[in-house]
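Bear in mind the structure is a predicted one, so any value in this text is a computation, not a measurement. First the proteins, then the strands, lettered A, B, ... as listed; each starts at 1.
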Protein chains: 2
Amino acid sequence: MSRILLHPTREQIELPGVMDCLSDPIRLAIVYNLAKREKEVGELRCGDFYGLSGKSNLAYHFAKLREAGLMETRAVGTARLMKLRREDLESRFPGLLDAVLASAERDAERLQLPVLEFTEA
Amino acid sequence: MSRILLHPTREQIELPGVMDCLSDPIRLAIVYNLAKREKEVGELRCGDFYGLSGKSNLAYHFAKLREAGLMETRAVGTARLMKLRREDLESRFPGLLDAVLASAERDAERLQLPVLEFTEA
DNA sequence: TCAATAGTTCAACAGACCTTGAACTAAGGA
DNA sequence: TCCTTAGTTCAAGGTCTGTTGAACTATTGA
């Protein structure tokens, strides 16, 4: 487990990278669920997403989301706690995340977006 | 030149396909320029975009944009006239296109988005 | 009719992407 | 200390993408 988790600064977040992240069904499902539960439980753990894919595949997608600046990860014990970088995204691309999330919510069934069950934080 | 140009209906336009289109620099530049000039000249032609890439590569990207539902193409003589499907996109994904275009405009320099010169329509 | 113009289609290639399983590391609990 | 849990990393694979040039088709104008 690497000690250092690379995050871009707010200014380094790029539009194409964000769009690319949100065009993948698994990553969209991750962001969708992060957004859906962010008020209730705050941060989520990798294990909360095992319903979406296998561990190593999720690690791959988490790294993409983190490196593109969509989410922030901090290590607590053996766990990784993740949350959306809402304010940074809103600052760089006003209205974008909300528009995507609203459309995803409307199309949730068609997109087969799973709503996951989360453990206590 | 095939006679039939396939367009999805409004309802068939899918969020991941749209996001994927907008995550490619060339396609973003096409949409950006279509939006920038849509009020002035209405429709644009393939040749207007030769500054972005070669003919055959553009044809590839135009097909992607058309098949994902971002733009509409009609044949007039040997030309293809293209325009953004603004209303359809707004109906399916409210606020999304405007948010993307506003962010693209703000980041135009960083994204190296070229502003093309257009011929008369 | 012939040549020029506008754009498409095809084959080929390199590179990127997603997925998988196995091996690994690090922290916590018994 | 040893086992378990949580997550990462690596190598390998198949597939999808973007790009190119050459060949093609269709339309217009002379």
Side-chain angles (χ1 to χ4, degrees), chain A residues 1-7 14 16-31 34 43-68 71-83 112 116 118-121, chain B residues 1-7 14 16-31 43-68 70-83 112 116 118-121:
Chain A
M1 275 175 184
S2 68
R3 229 84 306 280
I4 308 149
L5 293 170
L6 288 176
H7 293 81
E14 301 272 6
V18 171
M19 301 299 283
D20 182 54
C21 274
L22 296 172
S23 71
D24 177 273
I26 290 189
R27 290 194 292 266
L28 181 59
I30 292 169
V31 169
L34 276 176
E43 296 162 302
L44 296 173
R45 314 187 302 145
C46 299
D48 291 322
F49 296 90
Y50 285 174
L52 294 175
S53 184
K55 289 170 79 160
S56 64
N57 189 228
L58 285 177
Y60 165 77
H61 287 297
F62 289 143
K64 279 225 146 189
L65 287 165
R66 182 167 41 77
E67 285 159 17
M71 64 185 215
E72 199 184 320
T73 306
R74 65 190 184 101
V76 174
T78 59
R80 293 280 193 273
L81 298 187
M82 302 177 292
K83 62 177 179 187
Q112 296 178 269
L116 304 170
F118 300 115
T119 59
E120 293 298 302
Chain B
M1 274 174 185
S2 68
R3 232 83 305 281
I4 307 148
L5 293 170
L6 288 174
H7 293 81
E14 302 272 5
V18 170
M19 301 299 284
D20 183 53
C21 274
L22 297 172
S23 71
D24 178 273
I26 289 189
R27 290 193 291 267
L28 181 59
I30 292 169
V31 169
E43 297 163 300
L44 295 174
R45 315 186 302 143
C46 300
D48 291 323
F49 297 91
Y50 285 174
L52 295 176
S53 185
K55 289 170 81 161
S56 65
N57 188 229
L58 285 177
Y60 164 78
H61 287 298
F62 290 143
K64 279 223 147 190
L65 286 165
R66 182 168 39 78
E67 285 159 17
L70 279 93
M71 66 185 215
E72 201 182 321
T73 305
R74 65 191 184 98
V76 174
T78 58
R80 294 281 192 273
L81 298 188
M82 301 176 293
K83 63 176 179 186
Q112 295 178 267
L116 304 170
F118 301 114
T119 59
E120 294 298 301

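The C1' atoms of five pairs define one axis at each end of the helix from C/dT1-D/dA30 to C/dC17-D/dG14, and these two axes lie 20° apart (to 10°).
The CE atom of A/Met71 sits 12.5 Å away from atom NZ of A/Lys83, with the distance rounded to the nearest 0.5 Å. A distance of 4.5 Å separates CG in A/Leu52 from CG in A/Leu116, rounded to the nearest 0.5 Å.
Taking atom CD1 of residue B/Ile30 and atom P of nucleotide D/dT19, one finds them 10 Å apart after rounding to whole Å. Remark: P of C/dG7 and CE of B/Met71 are 11 Å apart, rounded to the nearest angstrom. Separating the CZ atom of A/Arg74 from the C1' atom of C/dA26 is a distance of 18 Å, rounded to the nearest angstrom. Taking atom CG of residue B/Leu65 and atom P of nucleotide C/dT8, one finds them 12 Å apart after rounding to whole Å. In this structure, CD1 of B/Ile26 is placed 16 Å from C1' of C/dA16, rounded to the nearest angstrom. Regarding B/Asp48, its CG atom lies at a distance of 17 Å from the P atom of C/dT5, rounded to whole Å. A straight line from CZ of A/Phe62 to P of C/dC18 spans 14 Å, rounded to a whole angstrom. We find that CG of A/Leu52 is positioned 11 Å from P of C/dT19, with the value rounded to whole Å.
When the side-chain nitrogen and oxygen atoms of A/Arg45 are compared with OP1 and OP2 of D/dT5, none of them lie within a distance under 4.0 Å. Taking side-chain N and O atoms only, B/Arg80 has no distance below 4.0 Å to OP1 or OP2 of C/dA6.
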Protein-nucleotides 12-15 of chain C N/O pairs closer than 3.5 Å?
none

Atom pairs, N/O to N/O, protein against nucleotides 14-16 of chain D, distance under 3.5 Å?
none

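When the side-chain contact (heavy atoms from CB on, under 4.5 Å) test is applied to B/Ala63, the partners found at least two apart in sequence or on another chain are B/Arg66, B/Glu67. Residues meeting the side chain to side chain donor-acceptor pair (under 3.5 Å) test with B/Ser56, sequence neighbours left out: none. Looking at residues two or more places apart in sequence or on another chain, you find a ring pair (Phe, Tyr, Trp, His ring centres under 6.0 Å) between B/Phe62 and B/Phe49. For B/Glu14, the salt bridge (charged side-chain N to carboxylate O under 4.0 Å, His left out) partners at least two apart in sequence or on another chain are A/Arg110. For A/Thr73, there are no side chain to side chain donor-acceptor pair (under 3.5 Å) partners, not counting sequence neighbours.
Nearer the 5' end of DNA chain C, as judged by each residue's closest nucleotide, is the contact made by B/Gly47, out of B/Gly47 and A/Asp24.
Considering all non-hydrogen atoms of both residues, A/Met82 and A/Cys46 come closest at CE-N, 3.7 Å. The nearest pair of heavy atoms linking A/His7 to A/Glu72 is NE2-CA, 3.5 Å.
Between B/Glu43 and B/Val76, the closest side-chain pair of non-hydrogen atoms is not below 4.5 Å.
Less than 4.0 Å separates DNA chain C from at least one heavy atom of each of the following residues of residues 53-61 of chain B: B/Lys55, B/Ser56, B/Ala59.
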For residues 17-31 of chain A, which side-chain donor-acceptor pairs fall under 3.5 Å, sequence neighbours excluded?
unit_1	atom_1	unit_2	atom_2	d
A/Ser23	OG	A/Asp20	O	2.8
A/Asp24	OD1	A/Ile26	N	2.9
A/Asp24	OD1	A/Arg27	N	3.0
A/Arg27	NE	A/Cys21	O	3.2
A/Arg27	NH1	A/His61	ND1	3.1
A/Arg27	NH2	A/Asp20	O	3.3

